[in-house]
Amino acid sequence: MTVRHTRRAFLSAATMMAAALAATACGSPQDTATGGGDSAAPVKVGLVYSQSGALASYGKQYIEGFKAGLDFATKGTGKVGDRKIELTEVDDAGDPAKAVSAAKDLIGKGTKIIAGSTASGVALQVAPIAAQNKVLFISGPAATDAVTGANKYTFRSGRQSYQDVVTAKSFIGDPAGKKVVVFAQDGAFGDANEAAVKAVIGSAGATVSSVRAPASATEFTPFASQIKAAKPDLLFVAWAGTTAPAMWQTLDQQGVLSSTTVVTGLDIRASWPTFGAAGAKISFLSHYFDGASDTEASKALKAKVNTIDLFHPDGFAAAQMVVRAVQEGGDDVDKMVTALEDWSFDGVKGKMTIRAADHALLQPMFQAKLTGSGTAFTATAQKSLTGDETAPPAVAMKG
């Protein structure tokens, strides 16, 4: 898929059928910067994320967002009450072993709050460490559904894969009786995406089939012909790698993009030229892009980073959650957990709610279109879906 951020594990079909729980409680993130326990000692926060490696660009956006969010939530003081938020940044390079080592080192030095996790594999290894040591862990851009409900000490500041697929489903309205085709490469990535579409859209009444291509394929006309012959109501494209421009060009030239609704995920801005002339003909599911919302938080973030990209909101929300946790919990991690559960706040994307049952982060998602071409592409929101509309089914807390 031209969107690497969906390269994650998805919930099983059985889990996805579980009933979603409603979320309650409200609060302003800026109202939280007034307390913070009895001590004036700094609050140590460890940020373990990808400064290098394949997801370094994601990590850069995360940390920029976090610092902007901290400034916003503390009204520019960097403090909760009299306590300074002291950040320690560690590069995990996307390596779970490095992340675990860094988390353990930070915990050993008295850090009670760990945030970050650009990669899903990292988040799934750090979450158990948080539970074992009873520290607060706020996962970042990592999208795997398995972070939700991992344990009582684990939260997330970004979206999860289920929310991506539900957004894709929204493009065809009621899926009952509709035909959906997943176009993906052979391998685990394609398998995961096909399984997710079957679980989320297929379970809602659509007939889901797939057209799969070898990862080594460079000629895509035969696959375009198969897709056209299937006459789907929705084509869900899950593609990764350097062949993406040729793939999109072929789908466009063979008339696939004009014959059906074609949906894929909108990645970071640097990837947009990949779509070429096809970009304006694709429907995008989107976690976030600059201009998707007009909130006070988005204005504050934009003032800091100029152009908001995909994972800036994840860092921003993490900082808001950290400030809330410290204001309400001081140094007591269990109180921090309680303070975050069922908390609603105004984030970059809009209203965000942390569901108490499994710590899913309910949040808006977006339908988007691109206009222009290449490096001059501009994204616009076609529709915003509420946190309730994209809420994943509640799962049992594992620990």
Side-chain angles (χ1 to χ4, degrees), residues 1-8 29 45-73 87-95 99 114-123 138-144 147 155-161 163-164 240 265-274 284-293 295 297-322 347-350 352 361 363-366 368 370 375 377-379 381:
M1 194 175 187
T2 55
V3 285
R4 292 176 295 169
H5 69 278
T6 55
R7 203 176 304 177
R8 313 289 192 260
V45 178
L47 300 175
V48 183
Y49 64 99
S50 294
Q51 297 175 11
S52 62
L55 300 182
S57 59
Y58 295 179
K60 182 175 184 293
Q61 293 170 22
Y62 172 84
I63 192 61
E64 289 175 348
F66 188 96
K67 291 178 178 179
L70 185 62
D71 185 77
F72 177 76
L87 305 179
T88 300
E89 300 177 36
V90 183
D91 180 17
D92 63 25
D95 182 343
I114 305 291
S117 293
T118 316
S120 289
V122 168
I138 304 173
S139 179
T144 176
V147 167
F155 292 78
R156 68 190 319 145
S157 64
R159 61 74 172 102
Q160 64 186 77
S161 295
Q163 290 161 321
D164 284 339
L266 190 62
D267 200 357
I268 61 175
R269 291 184 65 89
S271 73
W272 294 3
T274 297
F284 294 94
L285 64 93
S286 177
H287 169 37
Y288 199 80
F289 57 87
D290 197 0
S293 65
T295 63
S298 70
K299 293 173 184 175
L301 175 57
K302 190 171 179 63
K304 293 290 186 180
V305 302
N306 190 35
T307 300
I308 304 174
D309 215 331
L310 185 67
F311 292 117
H312 282 119
D314 296 9
F316 198 100
Q320 292 177 289
M321 293 168 69
V322 166
V348 173
K349 300 176 71 174
M352 317 280 277
L361 183 59
Q363 60 195 283
M365 295 289 289
F366 307 93
L370 292 180
T375 56
F377 270 132
T378 299

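In this text the structure is predicted, and so the values were computed from the model without any measurement. For the numbers below, each heavy atom of this structure counts, side chains included, while hydrogens, waters and symmetry mates do not.
Two residues are said to be in side-chain contact when any heavy atoms from C-beta on lie closer than 4.5 Å; Leu87 and Leu70 meet this criterion. Side chains of Asp314 and Arg156 form no contact here, defined as non-hydrogen atoms less than 4.5 Å apart. Using a 4.5 Å cut-off on side-chain heavy atoms (C-beta onward), Lys304 and Glu64 make no contact. In this structure, the side chains of Val122 and Tyr49 stay at 4.5 Å or more apart for every pair of heavy atoms. In this structure, Ile268 and Tyr58 have side chains that are in contact, with non-hydrogen atoms separated by less than 4.5 Å. At least one side-chain heavy atom of Pro364 sits under 4.5 Å from a side-chain heavy atom of Met352.
Nearest heavy atoms, His312 versus Leu301: CB-CD2, 3.7 Å. Shown here for Leu55 and Ala119, the closest heavy-atom pair between the two residues is CD1-CB, 3.8 Å. When all heavy atoms are compared, the tightest approach of Ala93 to Ser50 is C-OG, 4.1 Å. Of all heavy-atom pairs spanning Gln61 and Leu310, the tightest one is OE1-N, 3.3 Å. Among all heavy-atom pairs drawn from Gly140 and Tyr62, the shortest one is CA-CE1, 4.0 Å. Ser157 and Ile138 get closest at one heavy-atom pair: CB-CG2, 3.9 Å.
Taking the side-chain hydrogen bond (donor to acceptor under 3.5 Å, both in side chains) definition, one finds that Gln163 meets it with nothing, sequence neighbours left out. With sequence neighbours excluded, no residue satisfies side-chain hydrogen bond (donor to acceptor under 3.5 Å, both in side chains) with Ser286. Every residue two or more places apart in sequence or in another chain was checked for a ring-ring contact (aromatic ring centres under 6.0 Å, His included) with Phe289, and none qualifies. For Phe66, there are no ring-ring contact (aromatic ring centres under 6.0 Å, His included) partners at least two apart in sequence or on another chain. For Lys67, the side-chain contact (heavy atoms from CB on, under 4.5 Å) partners at least two apart in sequence or on another chain are Ile63, Glu89. Listed by chain and number, the residues in a salt bridge (charged side-chain N to carboxylate O under 4.0 Å, His left out) with Asp290 are Lys302 (sequence neighbours excluded). Shown here are the side-chain contact (heavy atoms from CB on, under 4.5 Å) partners of Ala297, two or more places apart in sequence or in another chain: Phe72, Thr295, Phe316, Val348. Under the side-chain hydrogen bond (donor to acceptor under 3.5 Å, both in side chains) criterion, Ser52 pairs with Asp91, not counting sequence neighbours.
Formation of a donor-acceptor pair under 3.5 Å by the Lys349 side chain with backbone atoms of His287 is found in this model. Although no hydrogens or angles enter the test, the distance criterion places no donor-acceptor pair under 3.5 Å between the side chain of Asp164 and the main chain of Leu285. Proximity of a side-chain donor or acceptor of Ser120 to a complementary backbone N or O of Thr144 within less than 3.5 Å is detected. Between the side chain of Gln363 and the backbone N or O of Gly158, at least one donor-acceptor pair lies under 3.5 Å.
Atoms CD1 and OG, on Ile114 and Ser139 in that order, are 12.5 Å from each other to the nearest 0.5 Å. Residue Thr118 holds its OG1 atom at 13.0 Å from NZ of Lys60, rounded to the nearest 0.5 Å.
Defined by atom type and a distance below 3.5 Å, a donor-acceptor pair is present between the side-chain atoms of Ser293 and Tyr288.
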